[in-house]
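Worksheet: one structure, shown below.
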Amino acid sequence: MILSIILPVYNPGAVLDDCINRLVQSIDEENKQEIEILIIDDGSTDGSVENLDDCISDCFPQLRIIHISHMGVAKARNYGLANALGEYVQFIDVDDVYVGSAVFHKLFPLMKNHEYSVFAGSFSDENNFKYTTSFSGDLDGYTFKNDGIILYRDYQFDYGFHRFIFERDFLIDNKILFPDLIRFQDPPFLVNALYCAEKFYAIKDVIYCYRVHDDIKWDEKKIADCISGIALNVDFSLKKLLPRLYWYSLSRLVRLLYDHLIQPEWQTNKLIIPLVKQFGIAINNGFNDRLLNDEDFCKLSQIIHLYSLNRNSDITIVIPVYNVGKYLRQCLESIVFQTDSLCRTIIVNDGSTDNSQEICEEFLLHFPCMFELINTDNHGLGAARNIGLKKVNTKYVSFLDSDDWLDAYFIKNVSENLEKYNPDLLFTLPKCYDNQKHTVYEWMDHENYISTFCLNENDSSIFTGDKGKLYKLEVNANRKVYRVEFLNELNFTFPEGTKWEDLRPHIQLCHFAGRIVGISNTGMYYRTNLPNQITSRRGAERLDFIDVVEDFLSCINDDYSNNEISEIMSLIIKYSLWMIEMTDVDYIYELIAKLHLLYLNIPQHYYKAYLSSENIKIEDKSIGKGFFCLITGHQYMKLTDYDKRNGLYKYWLLNNGKRKNIVGGALQCIKDSGFKYFLIHAYKKIIFKV
């Protein structure tokens, strides 16, 4: 037997006879012996199946009825699969119309040869005797334009499982069954089967007609199961990297349940709330290229937002915005789709000239209780942060750049730790996202951060070590959460009118903070490898570094320990070397000249603290010593020579500028750093020619 057509029924009434008659009429006489009609009576009590029992032989020779206790449609279909006699199976519903002619003429020859595990035809629907055979948008996968092989990675559709025919052994061997849900159990089944098969053979002919009816009486169980079924496909799409399926699935939530989920009665339902919240996580971790129209996406956002308002958080997020229309939506959506709490967000539009303001106004319109928008002339990042900071009226504040985005659990994880520790500063552990390669990787100081705070996975702790250790951490201001009263006590503001504005706040706030907490959870996703990113610019912006260093050196007083001073010097030297490497020829002379004056004014005991520190690696200290000698000496302009500098700062290269006196330089290197250190660098010099 080639095909078993499985028909689960529960109190079908008069439609059962009509369904069977239409089904029998569609089967050619020559194929009747190859087809089984298998009715799974799911505990019907209306007598309709018993009436059919009496005239089975008159209806169809291979018609079987199996009676089971009422278990629901999913289990009834699975039971039919387990008991089918055909090599292939197809599932139909009792209130629809089977159109089998094309199946028997086109697909039967291929099915007899077992050429494919899955076959399919096109779909139609009938609504008040009006038939639809052309579909678009999120239903465009209902029909096929041509006969032939289709790869599921190209298809990624989830609806209309009735028009698919599956090899029975393929389903059983791969344990592909219908999930036990009373609504939306068939799309996860179809997706799983098609993904596992990888490809299927489709014909353009319509083989199934769905009768549209609007008599579904949605109750708690049906809504919960429908959400759960959609969530299965969303989760599957993320794991298998299927972006079209991802957006198709999210559109189902809007189309099927929006009118119900916006009703107050479901927003307090303990079963529904966590099911809806999981979509916020999925959206935050999902695909960037949206395949959902604006109206549906706004409805989706509203749904997620309504089910996340358990409480107001104690955090305000300040987001400076300047010409980031390409990335801004993802940034703002990451706040809307948090898993917990309503978070207040102040957006400071810093004189954008692209569509950034329009995007901000759109979010303000849809989520007025979450967003506040301030429009200003362009003053720069530091000034925009300060403008937003003045408007904060919560206990804590955090900052986020508008081309980055928050982890879905940010508010939840941070709020729990703020309540637990009540810190002045809280550090998070971000992730990096390469915008060109579309890959996520660990934050720059991941290992150092974990060891500094003595953290385990999903852990948090109070920092109890020497403050100098904190200065080694990446200075990014967006990785921290700040107690607002603590900032006010210091009359704190970000440096304005300059780049590299995170350096002084990092040193200043870490020094004065009483309780500092580190958590191992992801805070934000930092977008890297962007065109025109500040850290990749090589021009006049590099000169701002001088003002930034002078700014935070002026804040240092006698309260700073020698360990803090040594780490500050290490930070200054590290950034100085980086600035020299990254500055182009048009500005290198000015930069070197200003660095020369800067280092001449650094107090000598800062330099001594740096050289005597046991916390700085000997090779770093040697490079720093050589650099310090050269930048403060009369030959400091040698640093403008790219060829001689060659991108490396070896002691023997920089010490007093005596590059050609190799013997003298080697002896001095041995004296200062040891023979082993000298041998390592001599080896590198010979092998790598550096």
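For reference, positions follow the sequence shown, starting with 1.
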Count the heavy atoms belonging to other residues, nucleotides or ligands that lie under 6.0 Å from [atom1] of [X], then report whether that count exceeds 12.
X	atom1	value
K199	NZ	no
E265	CD	yes
E485	CD	no

Answer yes or no: is there an ion pair linking [X] with [Y], defined by an N-O contact shorter than 4.0 Å?
X	Y	answer
K412	E416	yes
D42	R77	no
R515	D424	no
R385	D401	yes

> ring-ring contact (aromatic ring centres under 6.0 Å, His included) between Y142 and F157: does it pass, once the steps are laid out?
Replying inline: CA-CA 8 Å; Y142 266 151; F157 197 62; 5.6 Å; yes
Verify whether one side chain among [X] and [Y] offers a donor that lies under 3.5 Å from an acceptor in the other.
X	Y	answer
Y441	T528	yes
S228	D225	no
E220	N269	yes
Q263	Q267	no
Y258	Q302	yes
Y98	H162	no
D46	S44	no
Y449	S520	no
D93	Y208	no

> Is the gap between the ring centers of F200 and Y155 under 6.0 Å?
Replying inline: yes
> Is the F123-Y159 ring centre distance short of 6.0 angstrom?
Replying inline: no
> Taking it one step at a time, do F236 and Y195 satisfy ring-ring contact (aromatic ring centres under 6.0 Å, His included)?
Replying inline: CA-CA 10 Å; F236 191 89; Y195 181 85; 5.3 Å; yes
Under 3.5 Å: donor-acceptor pair, side chain of [X], backbone of [Y]:
X	Y	value
D404	R527	yes
N174	I176	no
E372	I346	no
Y396	P423	yes
D96	R211	yes

> K395: what forms a salt bridge (Lys or Arg N to Asp or Glu O under 4.0 Å) with it, not counting sequence neighbours?
Replying inline: none
> With sequence neighbours left out, what residues match D95 under salt bridge (Lys or Arg N to Asp or Glu O under 4.0 Å)?
Replying inline: none
>> Just to verify, which of F410, Y433, W405 counts as forming a ring-ring contact (aromatic ring centres under 6.0 Å, His included) with Y525?
In response: W405
Can I get a per-line list of side-chain donor-acceptor pairs under 3.5 Å for residues 130-139, giving both atom names and the distance, sequence neighbours left out?
{"residue": "T132", "atom": "OG1", "partner": "D125", "partner atom": "OD1", "Å": "3.3"}
{"residue": "D138", "atom": "OD1", "partner": "R255", "partner atom": "NH1", "Å": "3.3"}
{"residue": "D138", "atom": "OD2", "partner": "S251", "partner atom": "OG", "Å": "3.4"}
{"residue": "D138", "atom": "OD2", "partner": "R252", "partner atom": "NH1", "Å": "2.9"}

Mind checking whether [X] and [Y] have parallel, tilted or perpendicular rings, split at 30° and 60°?
X	Y	answer
F178	F161	perpendicular
W218	H260	tilted
F427	F453	tilted

> Which heavy atom of Q338 sits nearest a heavy atom of A408, and at what distance?
Replying inline: OE1-O, 3.1 Å
>> How close do V336 and M370 get, counting heavy atoms only, and between which atoms?
In response: CA-CE, 4.0 Å
>> With ring-ring contact (aromatic ring centres under 6.0 Å, His included) as the criterion, how do F119 and Y88 come out once you've worked through the C-alpha distance, each side chain's angles and the decisive distance to 0.1 Å?
In response: CA-CA 10 Å; F119 296 89; Y88 286 85; 5.6 Å; yes
> Would F279 and I230 count as a side-chain contact (heavy atoms from CB on, under 4.5 Å) if you check the C-alpha gap in whole Å, the side-chain angles of each, and the deciding distance to 0.1 Å?
Replying inline: CA-CA 10 Å; F279 287 94; I230 296 170; 3.8 Å; yes
